[in-house]
Q: 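The structure is given below, and queries will be raised subsequently.
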Amino acid sequence: MQGSLVVVGTGMALGGQLTPEARDAIANADIVFANVGDGMTEQWLRGLNANLVSLQTYYGDGRTRAEAYDGMTEVILAAVREGQAVCAAFYGHPGVYVTPSHEAARRARAEGFEARMLPGISAEDCLIADLGVDPARTGWQSYEATDFFIYARKVDTTASLVLWQIGVFGDLSLRDLKPHRERIELLTRVLLDTYPAAHEVTVYEASTLPVVPAKLQRVRLADLPDATVSQQSTLYIPPCSALQIDARRLAMLDGEDSQTR
């Protein structure tokens, strides 16, 4: 029997954000590998498929995150190579900030196996809903925090800026999962080169349980180091400048429109 792989997302909140398509993939798999962040969600998934293997064991024991992700990828692929119908379940969207999901699917396809990824509800989707913001209104910039810092990404202050994983910002060792105030201070100093000190920003954490609301801490940018930051925290920075129409480009469009009338 030819092995196969389906990678799914379980959403951010227990049970309620799992799509019917993902639910079917979990229930019909020969084996499910799960990295869903908490024991309650893991147990809930076992109700859909009892043959579930937790990937949480790959964290710790001195492993870097890169080593943990490689271990997850290999154990998933081993089951595919054995001819099993494999489902790999990750919380949120399986393609958003999930290295082993992409790598397992890529390697499986390279070895001739069928592999597909199903979409899920991500922390970004939850942030948009909970903060009531529309990416299409002013534009949207989204970066992993350390990536943003070390590559000196350019900021458009007329658009929203989202910085992911600020809780592990600056951890070049890929081993430290705890936030450090001095690193948040460093990130804040760089942001203050672009934004006013009094500009209000939001430290956000999506809800993972239906009865627990999302966490929203609204603070002045200058006070960001005093905010409570966890491994799950995301930083949302709204625009601080107004959009300005480029008159020359508008005239170009107006001229083009008049030629077609």
Side-chain angles (χ1 to χ4, degrees), residues 1-125 144 147 164-165 168 171 173-177 206 208 231-232:
M1 179 178 173
Q2 177 80 347
S4 63
L5 173 63
V6 182
V7 181
V8 306
T10 63
M12 300 303 297
L14 175 65
Q17 293 179 352
L18 186 69
T19 67
E21 190 177 26
R23 182 190 293 263
D24 288 345
I26 292 169
N28 295 326
D30 294 328
I31 185 169
V32 178
F33 294 95
N35 185 12
V36 291
D38 66 87
M40 288 182 63
T41 302
E42 199 172 282
Q43 282 301 113
W44 187 86
L45 290 176
R46 287 185 195 277
L48 297 178
N49 192 319
N51 192 20
L52 183 144
V53 177
S54 175
L55 295 174
Q56 286 291 307
T57 56
Y58 286 88
Y59 294 115
D61 293 332
R63 294 188 184 97
T64 65
R65 290 198 294 281
E67 291 168 340
Y69 298 156
D70 191 58
M72 294 177 192
T73 301
E74 282 303 319
V75 74
I76 291 168
L77 286 173
V80 175
R81 294 173 187 134
E82 290 171 359
Q84 300 192 72
V86 178
C87 180
F90 298 87
Y91 69 89
H93 189 302
V96 179
Y97 291 101
V98 187
T99 299
S101 63
H102 285 290
E103 191 61 15
R106 184 191 69 78
R107 293 189 200 174
R109 293 186 191 110
E111 294 180 21
F113 298 103
E114 179 187 353
R116 61 195 179 108
M117 180 181 290
L118 304 180
I121 294 176
S122 70
E124 184 172 53
D125 300 311
E144 196 275 336
D147 170 289
W164 302 97
Q165 299 182 330
V168 294
D171 173 30
S173 72
L174 300 180
R175 296 178 187 272
D176 191 358
L177 298 179
T208 57
Q231 189 181 342
Q232 290 76 39

Q: Look up atom CZ in Phe33 and atom OG1 in Thr73, then write down how far apart they are to the nearest 0.5 Å.
A: 11.5 Å
Q: Ser122: what forms a side chain to side chain donor-acceptor pair (under 3.5 Å) with it, not counting sequence neighbours?
A: Asp125
Q: Identify the two heavy atoms, one from Glu67 and one from Arg63, that lie closest to each other, and give their separation to 0.1 Å.
A: OE1-CA, 3.2 Å
Q: Applying salt bridge (Lys or Arg N to Asp or Glu O under 4.0 Å), which residue pairs with at least one partner in residues 94-106 are found, sequence neighbours left out?
A: Glu103-Arg106, Glu103-Arg107
Q: Determine all donor-acceptor pairs shorter than 3.5 Å in which one atom belongs to a side chain in residues 19-27; sequence neighbours excluded.
A:
from, atom 1, to, atom 2, distance (Å)
Thr19, OG1, Ala22, N, 3.1

Q: For side-chain contact (heavy atoms from CB on, under 4.5 Å), just list the numbers for Val6 and Val86, CA-CA rounded to whole Å, side-chain angles, deciding distance to a tenth of an Å, and then say yes or no.
A: CA-CA 6 Å; Val6 182; Val86 178; over 6 Å; no
Q: Applying side chain to side chain contact (heavy atoms under 4.5 Å, CB included), name anything that partners Ser54, two or more places apart in sequence or on another chain.
A: Glu42, Gln56
Q: Hey, mind stepping through Leu14 and Trp44 against side-chain contact (heavy atoms from CB on, under 4.5 Å) and telling me if it holds?
A: CA-CA 8 Å; Leu14 175 65; Trp44 187 86; 3.7 Å; yes
Q: I need the Met117 CE to His102 NE2 distance, nearest 0.5 Å.
A: 4.5 Å
Q: With sequence neighbours excluded, what pairs up with Asn49 under the side chain to side chain donor-acceptor pair (under 3.5 Å) test?
A: none
Q: Rounded to the nearest 0.5 Å, what separates atom OG1 in Thr41 from atom CE in Met12?
A: 10.0 Å
Q: So which pairs with a foot in residues 81-93 pass salt bridge (Lys or Arg N to Asp or Glu O under 4.0 Å), sequence neighbours left out?
A: Glu74-Arg81, Arg81-Glu111
Q: State, to 0.1 Å, how close Ala108 and Leu5 come at their nearest heavy-atom pair, and which atoms those are.
A: CB-CD2, 4.4 Å
Q: Looking only at heavy atoms, what is the nearest atom pair of Ile76 and Ala104, with distance?
A: CG2-CB, 4.2 Å
Q: Do any pairs count as a salt bridge (Lys or Arg N to Asp or Glu O under 4.0 Å) and have a residue in residues 91-102, sequence neighbours left out, and if so which ones?
A: none
Q: Show your reasoning for whether side-chain contact (heavy atoms from CB on, under 4.5 Å) applies to Leu45 and Val32.
A: CA-CA 9 Å; Leu45 290 176; Val32 178; 5.7 Å; no
Q: Kindly indicate, with the supporting measurements, whether the criterion side-chain contact (heavy atoms from CB on, under 4.5 Å) is fulfilled by Val36 and Leu55.
A: CA-CA 8 Å; Val36 291; Leu55 295 174; over 6 Å; no
Q: State whether the side chain of Gln84 and the backbone N or O of Val80 hold a donor-acceptor pair below 3.5 Å, judged by distance alone.
A: no
Q: Can I get a per-line list of side-chain donor-acceptor pairs under 3.5 Å for residues 87-98, giving both atom names and the distance, sequence neighbours left out?
A:
from, atom 1, to, atom 2, distance (Å)
His93, ND1, Gly95, N, 2.9
Tyr97, OH, Glu144, N, 3.1

Q: According to side chain to side chain contact (heavy atoms under 4.5 Å, CB included), who are the partners of Ala85, at least two apart in sequence or on a separate chain?
A: Ser4, Asp30
Q: Quick check for you: to the nearest 0.5 Å, what is the distance between Leu48 atom CG and Leu18 atom CG?
A: 7.0 Å
Q: Listed by chain and number, what are the side chain to side chain donor-acceptor pair (under 3.5 Å) partners of Glu124, not counting sequence neighbours?
A: Trp140
Q: Would you please say whether a donor-acceptor pair under 3.5 Å links the side chains of Tyr69 and Asn35?
A: no
Q: Could you list all the salt bridge (Lys or Arg N to Asp or Glu O under 4.0 Å) pairs where at least one residue sits in residues 92-101, not counting sequence neighbours?
A: none
Q: I need the Arg65 CZ to Tyr59 OH distance, nearest 0.5 Å.
A: 9.0 Å
Q: Please check if the side chain of Arg109 supplies one atom and the backbone of Ala115 the other of a donor-acceptor pair under 3.5 Å.
A: yes
